[in-house]
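Only one structure is covered here, and it is reproduced in the block below.
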Amino acid sequence: MKHSIVNRSLAVSLLMSTAMFASAQDTHFLSSNHCIYRISADKNVLLLPVQEKAEVCNVKVVDGNSNQIKAFNIRLASNHIDYYVPLYLDKLSSKQNLSLDIHVNGSYRTDGELAGFTCWKNMKYADSFDTTNREKYRPVYHHTPAYGWMNDPNGMFYKDGVWHLYFQYNPYGSQWENMTWGHSTSTDLMHWTYQGTAVEADAWGTVFSGSAVVDKNNTSGFGKDAIVGMYTSAGENQTQSLVYSTDDGKTFTKYAGNPVITSNVPDFRDPHIFWNPEINKWNMIMAAGQHMEIYTSDNLKDWKYESSFGEGYGNHGGVWECPDLMKLKVRGTNEEKWMLICNINPGGPFGGSATQYFTGTFDGKKFTCETAPEVTKWMDYGKDHYATVTFDNAPDGRHVAIAWMSNWQYANQVPTMQYRSANSIPRDLDLYEYAGQTYCGVTPSPEVTAARPKKSTKTLTEACEVVVSLKGTSTITLSNELGEKVVMTYDERARTFSMDRTKSGQKDFSDDFAAITTAPLHGKITHLRLFVDRGSIEALDADGRMAMTNLVFPTKPYNKITLTGRAKHQVFNLK
Ligand code: FRU
């Protein structure tokens, strides 16, 4: 599979009439670890060959004034090419007399002399970079970057009919590196347009996770309705930096006073800001090792530490990351409660990454959890639901969440190459009560339901929603002619729902992938909504009381659905 993709991509690029190979004279080897590469053509793009198993090269882009204008890390192909990534020369601050200073860390070398690498004779210049999809697992209605690696959703906001999704992005390879905010937009939460990179690394560090708000009253002085983002600068230490945009999130300017918050705590990151009308101030919650810190601000620039939450509460099997904090309605009551989201890695119920949450009260300064410290509540009982956060300024006071559909246990190894990782479908959050506890309700957003065609069928397709009406214990099996299958079991008596992906298809890329995930149920499920999109299955109770998200990599698409028990199904094809 891997080779056919490689050959196809090479063939495609060779056919590209605009592409031209760089010349061997462009390289100047100064040692077995160090090369200066002169950029000799006046083209928009330099295509760099990547081999995922090669070692990381550190690249500095140097302009004609001998200034470093960019730096990134890339696994330049040493003996075989997996794919190409673009260095957009036309987007650099200067295009004249450019050179690349390329270095491989000597003490870890296993790849032989740099001069022997296959990359040099395969570097190419082109007018544009071809992002036509080459991946059979690329989802149809879930967001993926056009190319490159993605993890957490960042800085999500809604404004003037457009949903903005930024994300942890590596534009120079499909594995975690070079953290940058990528950007995509959508008007219906189901079809996304990749907009390129929005916030790039600087001298304070690479750009880790964070959030963004619409500053309606210009509290920051950056302008009315400016988009203000806050993220973690991952440098020598993790510090928090601000960016702002006066063109609706298209381009960002770094704030001159960065970093705005510093600390000597090692895992100090992922600030989530929101306007709190109850105190007429901005609030911010961020992760600090094994707890969350809460801050207040009048202007988004000056932040006051107020309190910490988390010691002794919930699951502490890993690092606390990517928090969110919001007030939600409790279904069927006039009550509202606060919910604190805490993503944790590792420590998830089936290993690796997962999303836990706490319910309680919040006075603008301090979050008080209403449940006993030993109680852990999970938002999703699959293995591939992480870094869940919500959009700022969503219409009608909604709280719309999106997760990263992967798990740090194997995210870098899943069998795709042109891109790696997708996001979950958008889900509206609320609260409900069951057996004396308050839980988070997770329901597919109305935009997802609106995407259904008028007519349903019975035939399973690669990209669809399957609605299963259940009357008691049943199993639902998705399978293909190779015998690969996913078995879902609704056990009404045991009050569980489970998904078995141990025979789902490709799984040998990680020992942690094959799994059976099981969710406890809070009441009966009468309608189950299954979102199948080539490489993922999200199973959600239509009433929002159970969610389970799992990746699958069938060698051929599942084309058969088999039900046992008193269950019926309908298939809505999604495009
Ligand atoms: C979570 C995380 C964040 C961090 C980012 C780096 O997946 O580890 O805590 O900001 O990824 O990419």
Proximity of Tyr147 and Tyr419 rings by center, below 6.0 Å: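 No; Tyr419 has its ring centre 6.0 Å or more from that of Tyr147.
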Criterion side-chain hydrogen bond (donor to acceptor under 3.5 Å, both in side chains) on Asp428 and Ser445, from CA distance to verdict: CA-CA 5 Å; Asp428 278 35; Ser445 295; 2.6 Å; yes
Identified ring pair (Phe, Tyr, Trp, His ring centres under 6.0 Å) partner of Phe391 from the options Trp163, Tyr166, Tyr158: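 Only one of Trp163, Tyr166, Tyr158 forms a ring pair (Phe, Tyr, Trp, His ring centres under 6.0 Å) with Phe391, namely Trp163.
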Residues His143, Phe167; criterion ring-ring contact (aromatic ring centres under 6.0 Å, His included); working and verdict: CA-CA 10 Å; His143 171 255; Phe167 47 91; 5.0 Å; yes
If we only count heavy atoms from C-beta on, is the [X] to [Y] side-chain gap below 4.5 Å?
{"X": "Ile402", "Y": "Ser424", "answer": "yes"}
{"X": "Leu528", "Y": "Leu470", "answer": "yes"}
{"X": "Ile537", "Y": "Met548", "answer": "no"}
{"X": "Gln168", "Y": "Ser209", "answer": "yes"}
{"X": "Asn276", "Y": "Phe362", "answer": "yes"}
{"X": "Tyr439", "Y": "Arg545", "answer": "no"}

Note: Lys250-Asp248 ion pair, threshold 4.0 Å (strictly below):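 Looking at Lys250 and Asp248, the cut-off is not met.
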NZ/NE/NH1/NH2 to OD/OE distance under 4.0 Å, Glu200 and Lys91: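 Looking at Lys91 together with Glu200, the answer is no, because their closest N to O distance does not fall below 4.0 Å.
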Backbone N or O of [Y] within a donor-acceptor pair of the [X] side chain at under 3.5 Å?
{"X": "Asn343", "Y": "Thr388", "answer": "yes"}
{"X": "Asn315", "Y": "Gly347", "answer": "yes"}
{"X": "Gln290", "Y": "Gly318", "answer": "yes"}
{"X": "Glu538", "Y": "Ile425", "answer": "yes"}
{"X": "Lys301", "Y": "Val260", "answer": "no"}
{"X": "Asp384", "Y": "Leu551", "answer": "yes"}

Would you check if there is a donor-acceptor pair between the side chains of [Y] and [X] at a distance under 3.5 Å?
{"X": "Asn345", "Y": "Trp408", "answer": "no"}
{"X": "Thr390", "Y": "His399", "answer": "no"}
{"X": "Gln195", "Y": "Thr185", "answer": "yes"}
{"X": "Arg420", "Y": "Ser406", "answer": "no"}

Lys NZ or Arg CZ of Lys327 over Phe274 ring: under 6.0 Å, within 45°: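 Not satisfied by the 6.0 Å and 45° rule.
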Face-on cation placement of Arg452 at Phe572 ring, 6.0 Å and 45° thresholds: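 That pair qualifies as a cation-pi contact.
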Nearest-0.5 Å distance, OH of residue Tyr137 to CZ of residue Arg534: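 Taking OH in Tyr137 and CZ in Arg534, the distance rounds to 11.5 Å.
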Among Ile227, Val228, Asn299, the one residue meeting side chain to side chain contact (heavy atoms under 4.5 Å, CB included) with Phe222: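 In the set Ile227, Val228, Asn299, the residue that makes a side chain to side chain contact (heavy atoms under 4.5 Å, CB included) with Phe222 is Val228.
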Residue among Met286, Met230, Glu293 satisfying side chain to side chain contact (heavy atoms under 4.5 Å, CB included) with Trp303: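 The single option meeting the side chain to side chain contact (heavy atoms under 4.5 Å, CB included) with Trp303 is Met230.
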Quick check on [X]: does its [atom1] atom have over 12 non-hydrogen neighbours (other residues, nucleotides or ligands) under 6.0 Å away?
{"X": "Lys159", "atom1": "NZ", "answer": "yes"}
{"X": "Glu236", "atom1": "CD", "answer": "no"}
{"X": "Asp511", "atom1": "CG", "answer": "no"}

Stepwise side chain to side chain contact (heavy atoms under 4.5 Å, CB included) test for Trp338 and Phe358: CA-CA 8 Å; Trp338 284 83; Phe358 302 90; over 6 Å; no
Phe497/Tyr381 under ring-ring contact (aromatic ring centres under 6.0 Å, His included): CA gap, chis, key distance, verdict: CA-CA 9 Å; Phe497 176 84; Tyr381 279 85; over 10 Å; no
Residues that Ala387 engages under side chain to side chain contact (heavy atoms under 4.5 Å, CB included), provided they are two or more places apart: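 Applying side chain to side chain contact (heavy atoms under 4.5 Å, CB included) to Ala387 gives Asp152, Pro153, Cys322, Trp404.
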ring-ring contact (aromatic ring centres under 6.0 Å, His included) against Trp204, all qualifying residues, sequence neighbours excluded: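 If we apply the ring-ring contact (aromatic ring centres under 6.0 Å, His included) test to Trp204, skipping adjacent residues, there are no hits.
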